[in-house]
**Student:** 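There's a structure below that I have some questions on.
Hydrogens, waters and symmetry mates play no part in the numbers below; they use all other heavy atoms, side chains included. Numbers restart at 1 for each chain; the letters A, B, ... are given by sequence-line order, proteins then strands.
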Amino acid sequence: MSAERPAALRRVPTPAPRPRHVDPQGKRSLFSEEEAPPAVGSLALTCDKCEVRSVVSMVKAARLALPGMYVPVPGRTDRVWMKCPACRSRGWMHLDFKG
Amino acid sequence: MKSRIVAVANQKGGVAKTTTVASTGAAVADTGRKVLLIDLDPQACLTFAMGVEADQVQFSVHDVLLGRIGPRMAIVPTAEGPDLLPASIDLSGAEMQLANRTGREYVLREALAEVSRDYDIVIIDCSPSLGVLTINALTAAQEVLIPMQAETLSHRGVAQLLETVEDVRRYTNRDLRVMGVLPTMFDGRTRLSREVIADIEQQYGLPVLAPIARSVRFAEAPGSGRSILSTARRSKGAQAYRDLATVMMDRS
């Protein structure tokens, strides 16, 4: 991908999953709050690999989980084997469900 | 009805954030809508550009953020049409004052709730840095507009800002949307300009708005305390910002 970019832009970062390590005394310290919960009717997925938290609709979550056979239970936080909407690879995802 | 809130942000300096806020604000006000501009930069360039002397204002956004007064006490009218919540150099201390306060990200959002029914649109001019003030603007806004000079370092700044937008969505404002990238000081004759725009579209899939061409008219306008909409009404730059105002209001 980067080889196709113009010479002047090759060192400019491309969109990528955030690094695994988040320094609490770094940029994170700009925020005093914990992560916002997902909206009603949606799921928050946090990827074990890239650590990106994505909020998706139920329908999209179901598509990402296919061909798995998992039924999310309201009010529970679980780990599910599915495709990450951020890094697009399959892996364990933490689910935060809000009915 | 609550007003629409747009933050104009890019932590890279010199990309025409202030010019964009002043010109777009004036263009929207020209259509008869009620506009509030907020200067969230301690350099108070927007305040100066709108014809208000920063060292002579009785109250500023600094007093509002520290909870000393409500926003209505600090808002002043401008000859250009929009109302202005001015800044002063004291705003440079607000970062420190807010630094250890829980809920510091929501101070501006809460203050704006008091005036949200008074205006059709609120446009926030962010400082060229990534700190508590910029996080406040992104937390209060529904949309962020990213002015960008079409060159390599500005492109890199967009990447950094988009990471911050993701952080804001994650922690304080899930519904924040990116209105688009606005190429400013654009010179379509250079290959680099065209390459940067194409690369932004390809890498991020963001809407790239109609470019604002480089013009000395923009640099001349603040000296008279007016925007290009008044000082060079028929210029291409003025028309470009009228077009941007139309796009902005059509989306509301």
**Student:** Can you measure from CZ (A:R5) to CD (B:Q203) and round to the nearest 0.5 angstrom?
**Tutor:** 4.0 Å
**Student:** Closest approach of A:S32 and B:G103, non-hydrogen atoms and distance?
**Tutor:** OG-N, 2.7 Å
**Student:** In residues 126-142 of chain B, which residues are in contact with chain A at a heavy-atom separation under 4.5 Å?
**Tutor:** B:L130, B:G131, B:V132, B:I135
**Student:** Hey, does the Lys NZ or Arg CZ of A:R28 hover above the aromatic six-ring of B:Y171, less than 6.0 Å from the centre and inside 45° of the axis?
**Tutor:** yes
**Student:** Which atoms of B:V168 come close to chain A, meaning under 4.5 Å heavy atom to heavy atom: side chain ones, backbone ones, both, or neither?
**Tutor:** both
**Student:** For B:R156, look at atom CZ and say whether over 12 heavy atoms of other residues, nucleotides or ligands are found less than 6.0 Å away.
**Tutor:** no
**Student:** Suppose a student defines contact as a heavy atom less than 4.5 Å from any heavy atom of chain A. Which residues in residues 88-99 of chain B would they list?
**Tutor:** none
**Student:** Just checking A:R63: does its CZ atom have more than 12 heavy atoms from other residues, nucleotides or ligands closer to it than 6.0 angstrom?
**Tutor:** no
**Student:** When rounded to the nearest 0.5 angstrom, what is the spacing between CZ in A:F31 and OG1 in B:T172?
**Tutor:** 5.0 Å
**Student:** With a 4.5 angstrom heavy-atom cut-off, is it the side chain or the backbone of B:R191 that approaches chain A, or both, or neither?
**Tutor:** neither
**Student:** Working to the nearest 0.5 Å, report the span between CG of B:D199 and CZ of A:R10.
**Tutor:** 11.0 Å
**Student:** For the residue pair B:E105 and A:L30, what are the closest heavy atoms and their distance?
**Tutor:** CG-O, 4.0 Å
